[in-house]
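First comes the structure, then the notes that go with it.
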Amino acid sequence: MDLDELVFHPWSVQGPRTVPRFVCGSGSYLIDADGRRYLDFSSQLVFTNLGHQHPRIVAAIKEQADQLCTLAPAHGSDVRGEAARLIVEVAPAGLGYVLFTTGGTEAIEHAVRMARLHNGRPKVLAAYRSYHGSTTTSIHLTGDPRRWASDTGAAGAVHFFGPFLYRSVFGSTTVEEECARALAHLEQVILLEGPSTISALILESVIGSSGVIVPPAGYLRGVRDLCTRHGIVYIADEVLVGFGRTGTWFGVDHDGVAPDLLVFAKGVNSGYVPLGGVLVSDPIYETFTRRPYPAGMTYSGHPLACAAAVGAIGAMHDEDTVAAAARLGTDILGPGLIELAAKHPSVGDVRGVGGLWTVELVHDRLTKEPLVPVGAVGEANAPMAAVALACLSRGLLPLILGNRIHVAPALNVSDADAANGLAILDVALAAADTFLSSAASEQAKHRPGPPVGAGPVSFGQILELRCRMDTARTVV
Ligand SMILES: Cc1ncc(COP(=O)(O)O)c(C=O)c1O
């Protein structure tokens with residue numbers, strides 16, 4: 001019997017599966033039971049920021065395991081304190097305290113609870129294009145269709161539209177317009193919901209699994225200002241983008257913004273031992289110096305997880321991982337993916353920053369109809385299944401979500417490995433192209449994709465490129 005069949009798998013129809021079974025890994029590679037090597041272009045679920053089996057993290061875990069494997073949260077612990085110190089040191093100013101959890105969704109639950117206890121208001125605003133986790137509050141805050149099956153409508157969540165020029169709901173044609181209109185819309189939502197009823201606003205600083213959407217410069221600052229003006233707690237969800245993924249320590253750093261609460265997980269220790277947490281600002285910390293914080297977890301600040309964080313953050317400093325992630329975007333992934341987009345008519349959009357990118361596949365560049373519908377399975381998902389097969393059969397482990405190929409290698413991936421991954425994506429996109437009608441393929445030749453040979457691109461330049469791409473498509 002295949003023992004994998006005894007495991008109940010998250011987000012899946014249960015039953016036998018055909019997936020690679022990995023037995024070991026090293027750096028950007030995983031090795032399956034047959035000894036085949038796969039280049040990991042997913043960082044799993046975007047968490048192995050330092051790749052697999054990083055020696056510094058493994059050593060830190062081993063050392064802590066030899067000394068003291070576990071300890072209840074009520075006791076003092078040097079490794080827990082050291083992890084908190086290292087996290088606070090790289091966090092935006094004013095976030096001086098850490099509540100440790102065992103993952104992202106749990107941390108979101110605590111951030112929202114802290115906000116509600118702090119200001120006594122019931123509602124929480126969240127973006128439609130978002131994912132915040134799968135426990136009760138976080139799945140209700142999640143804006144994308146992953147919420148639907150669990151939504152009871154009873155969690156006080158109110159959704160709004162964030163900026164997304166490629167599929168603008170505001171009819172914008174420039175990035176500046178999209179930013180201004182998205183902020184005006186958010187202000188209307190706040191005013192019409194009633195500011196005194198809104199406890200918090202939660203926002204991924206770069207939208208991750210719901211589409212890799214980089215906010216325009218100034219948007220996060222505008223959100224910060226609106227929250228301050230209306231006494232709303234600004235919670236930055238940095239679970240996926242925190243700890244270097246976008247080429248800065250945190251996504252909010254791109255706009256020089258400090259939230260009131262910042263939620264992290266994944267990259268804090270590359271996921272070697274489950275760890276998440278909430279960074280807490282002074283005013284909210286103050287609230288709980290007058291009354292106890294009425295919640296906790298048995299494994300809050302687990303020593304092995306904290307040791308892994310100490311090892312990971314130390315390695316990130318020594319290896320200059322954050323700068324490497326920025327360069328990965330500007331010099332390798334950005335230009336490489338834009339070039340692929342120009343070649344393949346099934347690519348509707350390429351967007352991203354640092355070590356987090358997506359290639360969005362469409363039937364037609366003008367209508368932007370997704371190559372597969374939301375929640376597609378079986379025959380309806382054939383194009384993306386073909387993409388996955390083309391990648392896996394050539395030794396590339398992709399991250400495919402809906403009609404998008406997310407590109408998120410380890411931040412320390414070598415240039416040669418990144419180029420090899422892009423070359424395999426080139427073949428996989430050719431497989432996607434075969435699902436287009438000949439008319440759509442022909443039209444795409446006259447309807448330009450992203451500009452070729454754009455050269456090094458910065459965070460701001462990417463947004464500018466995005467804007468030019470959209471203008472080109474609408475006028476042709
Ligand atoms: C932005 C964001 N928030 C929250 C979560 C939930 O984290 P976890 O899966 O660790 O519970 C995720 C998970 O992917 C995420 O991407």
Side-chain angles (χ1 to χ4, degrees), residues 9-12 42-49 99-115 124-147 150 155 157 159 162 164 200-215 220 223 234-246 248-252 254 259 261-279 297 299-302 305 308-309 312 352-358 399-402 404 406-408:
H9 298 283
W11 299 113
S12 306
S42 64
S43 294
Q44 299 302 287
L45 293 174
V46 197
F47 61 78
T48 50
N49 286 5
L99 171 75
F100 284 114
T101 68
T102 47
T105 193
E106 209 180 50
I108 299 285
E109 299 280 333
H110 283 282
V112 170
R113 189 176 312 183
M114 275 185 198
V124 182
L125 301 186
Y128 275 111
R129 291 186 193 275
S130 70
Y131 178 71
H132 295 295
S134 72
T135 51
T136 303
T137 305
S138 26
I139 197 69
H140 279 91
L141 292 171
T142 290
D144 82 14
R146 281 172 280 188
R147 180 188 75 253
S150 309
H159 291 100
F164 184 27
L201 179 149
I202 184 159
L203 185 63
E204 291 174 74
S205 306
V206 171
I207 309 297
S209 62
S210 307
V212 184
I213 304 167
V214 184
L220 298 184
V223 169
Y234 174 12
I235 304 172
D237 182 343
E238 298 261 355
V239 167
L240 190 139
V241 297
F243 293 93
R245 178 52 62 185
T246 66
T248 49
W249 277 99
F250 294 96
V252 285
H254 288 294
L261 295 169
L262 186 153
V263 179
F264 64 87
K266 299 191 190 254
V268 62
N269 64 4
S270 280
Y272 284 28
V273 183
L275 183 67
V278 186
L279 273 153
M297 300 130 282
Y299 303 128
S300 176
H302 194 283
V353 62
L356 181 65
W357 290 78
T358 197
L399 179 57
I400 295 177
L401 289 165
R404 299 179 304 268
H406 290 207
V407 178

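The first residue in the sequence is number 1, and the count goes up from there. Computed from heavy atoms alone, side chains included, the values below leave out hydrogens, waters and symmetry copies. Both counts, for ligands and for their atoms, begin at 1 and track the order of listing.
When each of Leu261, Val278, Val263 is checked for a side-chain contact (heavy atoms from CB on, under 4.5 Å) with Ile108, only Val263 meets the rule.
Using modelled atom types, one side-chain atom of Ser210 and one backbone atom of Ser130 make a donor-acceptor pair closer than 3.5 Å. Side-chain N or O atoms of Arg245 include none that pairs as donor or acceptor with a backbone N or O of Val239 at under 3.5 Å. Of the possible polar contacts, none joining the Asn49 side chain to the Gly244 backbone as a donor-acceptor pair under 3.5 Å is found. Side chain of His159 to main chain of Leu141: a donor-acceptor pair is present (N/O by atom type, distance under 3.5 Å, no hydrogens or angles). No side-chain donor-acceptor contact under 3.5 Å links Ser205 to the backbone of Glu238.
Distance screen at 4.0 Å: atom 9 (O) of ligand 1 has no protein heavy-atom neighbour inside the cut-off.
With Val239, Ile139, Leu45, Thr135 as candidates, the residue nearest to atom 5 (C) of ligand 1 on a non-hydrogen basis is Val239.
Ligand-side atoms of ligand 1 in range of Glu204: 1 (C), range being under 4.0 angstrom from any heavy atom. Near Leu240, meaning under 4.0 Å from one of its heavy atoms, ligand 1 places the atoms 16 (O).
Note: an N/O pair closer than 3.5 Å links Thr105 and ligand 1 by distance alone.
Protein heavy atom nearest atom 2 (C) of ligand 1, with residue, atom name and distance: Tyr131 O, 3.3 Å. Counting protein heavy atoms only, atom 3 (N) of ligand 1 is closest to Asp237 OD2, 2.7 Å.
By the criterion of a heavy-atom distance under 4.0 Å, the side chain of Lys266, and not its backbone, is placed next to ligand 1.
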